[in-house]
Amino acid sequence: MSGVPSTGIELAVPPHPEFLQLVRAVIGAAAGAGARAGTGSGTGGESPLDPGRVADLRLVVSEAVTNAIEAQGVVGAPDRILVRCRVDDDQVLVEVVDHGPGFDPDAVPDLPDVETPERLRHESGLGVALMHRLADGAEVESGPDGTTVRLMIRPG
Amino acid sequence: MKFDVHRRDLDPSRASGGPVGIGDPGGVVLTVLGDLDMAGAPGLRQVVVTEVAGGARLVVLDLTAVDFVDSAGLGVVVGALRRLRAHDGDLLVVCPEPRIRRVFEMCDLDRVFTLHGDVDAAAVAAMDGRALA
């Protein structure tokens, strides 16, 4: 996956949970309903995703932005969180950029087996595992100045 | 739909399996509306904490009217189960919507919870569970 999508939409939202619904609605519309509505010929074209994959997209975006809000909350960073989305013929790319303290992506544990009691301790931390399960590509770049998550969703 | 949680007592007459829970003041149905995400999660968590503190031991969590759930929302559901079990209680989840069920399945939580089709089915299951206990 190459860097910043050059076309598409960009949102800059305050790092508060109340804005999650807005982000999901905008990204969902950009990748699904809005594109399918077909505003005619020209740039956008048909959405590559069926409604089920749009739902997956909304979910992984929600996870990424939730993590971003949490990360900035840890250090009280008021910066807006950037959400960029590009809809191509065969995929949708989303990038979420925060200004949190960063973390080691390799240190995030995978989910323990469901048969173990350990599983019920996971009231949080499911988000990264969900992103990897649902997205066709999930990259995390993290450093002391923040974290960038890139997600790619292809047709089911 | 705006996030909200409605509460009512588990009505035994609604269960087709018979007089479920009569004389059992600990049964409550919590109906969640809207999006169960990081914004809604604290509200549901608080309701569950309050109910358990008030003596509820059997909670039916009705997610039929939930439009969206993510891992922050699932975390509260898992937390509610743990809280109730710690008090020798139980949590039953009503979740007929395939889109919402899918999120449970993606986190393997469909193997932790039985996802019931409606509140009546959950009430019957609760009765069966108690009969066996």
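Order of the sequence lines sets the chain letters (A, B, ...), proteins ahead of strands, with each chain counted from 1.
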Please flag which part of A/Leu130 lies under 4.5 Å from any non-hydrogen atom of chain B: side chain, backbone, both or neither.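 Contact with chain B is through the side chain of A/Leu130 alone.
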Per-residue contact mode, A/Arg58 against chain B (heavy atom under 4.5 angstrom):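 Looking at A/Arg58, backbone and side chain both touch chain B.
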Derivation of the side-chain contact (heavy atoms from CB on, under 4.5 Å) call for A/Asp136 and A/Arg53: CA-CA 11 Å; A/Asp136 297 291; A/Arg53 281 306 267 167; 2.8 Å; yes
Residue [X] versus chain A: region with a heavy atom under 4.5 Å:
X: B/Val77; value: neither
X: B/Asp70; value: both
X: B/Phe3; value: neither

Of all the heavy-atom pairs spanning A/Ala71 and A/Pro101, show the shortest one and how long it is.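 That closest heavy-atom pairing would be O-CD, 3.2 Å.
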CZ of B/Arg83: more than 12 outside heavy atoms within 6.0 angstrom?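 Counting neighbours around CZ of B/Arg83, 12 or fewer heavy atoms of other residues, nucleotides or ligands fall under 6.0 Å, so no.
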Determine whether the side chains of A/Thr148 and A/Glu95 contain a donor N or O and an acceptor N or O closer than 3.5 Å.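 On atom types as modelled, these side chains do not qualify, holding no pair under 3.5 Å.
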Residue pair B/Asp118 / B/His116, side-chain donor-acceptor N/O under 3.5 Å: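 Absent: no donor and acceptor within the cut-off.
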What residue, out of A/Glu18, A/Gln21, A/His16, has the most heavy-atom pairs lying under 4.5 Å from chain B?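 Max contact count across the listed options: A/Gln21.
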